[in-house]
Amino acid sequence: MRELTLHELIWQLVAAIPPGRVATYGQIARQAGYPRHARYVGQTLKNLPADTGLPWHRVINARGEPSFPKQSPAYRLQRERLEAEGVVFLNGRISLERFGAF
DNA sequence: GTGATGACGGAAT
DNA sequence: TATTCCGCCATCA
């Protein structure tokens, strides 16, 4: 049995975000025990296969919005999934009340 | 080994 | 409030 790698740990944390809530990259990095690794969380999610089933759409940046350009299909997909879970987008941003998945 | 990059964060302007 | 700039740290060329 080997120990969890950092990116496996990140998977666990992302998977632990309950539906209808969101977490920022920084929050996840902090939960993982690496407060300055927000960017690494992004890299890990980017490297995800399309069929992981991981709720990556619940991970947003500190500004409260998806970290994609608004014309990007990924942005629309993320927003669509979040809205399907009841997350309200106000002027392109997510209500602060939805923060704090942990 | 060195420099550039990034699904970021936070402070400074 | 909006932009800009720098820091952070694992990966890649």
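Since we're looking at a predicted model, the values are computed, not measured. Proteins get letters first, then strands, A, B, ... in listed order; numbering begins at 1 in each.
- The ring-ring contact (aromatic ring centres under 6.0 Å, His included) check on Phe89(A) picks up nothing, with sequence neighbours excluded.
- Under the salt bridge (charged side-chain N to carboxylate O under 4.0 Å, His left out) criterion, Arg21(A) pairs with no residue at all, not counting sequence neighbours.
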Atom pairs under 3.5 Å: protein N/O with N/O of nucleotides 10-13 of chain B:
none

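- First and last contacts of DNA chain C with chain A, using any nucleotide atom under 4.0 Å from a protein heavy atom and ordered 5' to 3', fall at dG7(C) to dT11(C).
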Which atoms of nucleotides 2-4 of chain B (N or O only) lie under 3.5 Å from a protein N or O atom, and what are those distances?
none

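- Residues of residues 31-47 of chain A that place a heavy atom closer than 4.0 Å to DNA chain B, in numerical order, are Ala38(A), Arg39(A), Gly42(A), Gln43(A), Leu45(A), Lys46(A).
- Listed for the Gln78(A) side chain is no donor-acceptor partner under 3.5 Å among the backbone atoms of Glu65(A).
- In terms of the side-chain hydrogen bond (donor to acceptor under 3.5 Å, both in side chains) criterion, Gln43(A) has no residue partners (sequence neighbours excluded).
- The stretch residues 82-93 of chain A participates, sequence neighbours left out, in these side-chain hydrogen bond (donor to acceptor under 3.5 Å, both in side chains) pairs: His57(A)-Glu85(A), Arg58(A)-Glu85(A), Arg79(A)-Glu83(A).
- Annotation: ring-ring contact (aromatic ring centres under 6.0 Å, His included) contacts of Trp56(A) (sequence neighbours excluded): none.
- Residues Tyr34(A) and Val41(A) fail the side-chain proximity criterion, which asks for heavy atoms closer than 4.5 Å.
- Counting heavy atoms from C-beta on, the side chains of Trp11(A) and Thr52(A) never come closer than 4.5 Å.
- Applying the salt bridge (Lys or Arg N to Asp or Glu O under 4.0 Å) test to every pair with at least one member in residues 24-46 of chain A, sequence neighbours left out, gives no pairs at all.
- Interatomic distance, CD1 of Ile28(A) versus CD1 of Ile17(A), reported as 4.0 Å (0.5 Å rounding).
- Spacing between atom CD1 of Ile60(A) and atom C1' of dG9(B) amounts to 13 Å, rounded to whole angstrom units.
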Would you give me the side-chain donor-acceptor pairs under 3.5 Å for residues 68-76 of chain A, sequence neighbours excluded?
| unit_1 | atom_1 | unit_2 | atom_2 | d |
| --- | --- | --- | --- | --- |
| Ser72(A) | OG | Ala74(A) | N | 3.3 |

Report all side-chain donor-acceptor pairs from residues 94-102 of chain A shorter than 3.5 Å, counting only partners two or more places apart or in another chain.
| unit_1 | atom_1 | unit_2 | atom_2 | d |
| --- | --- | --- | --- | --- |
| Arg98(A) | NH1 | Gly20(A) | O | 3.0 |
| Arg98(A) | NH2 | Gly86(A) | O | 3.1 |

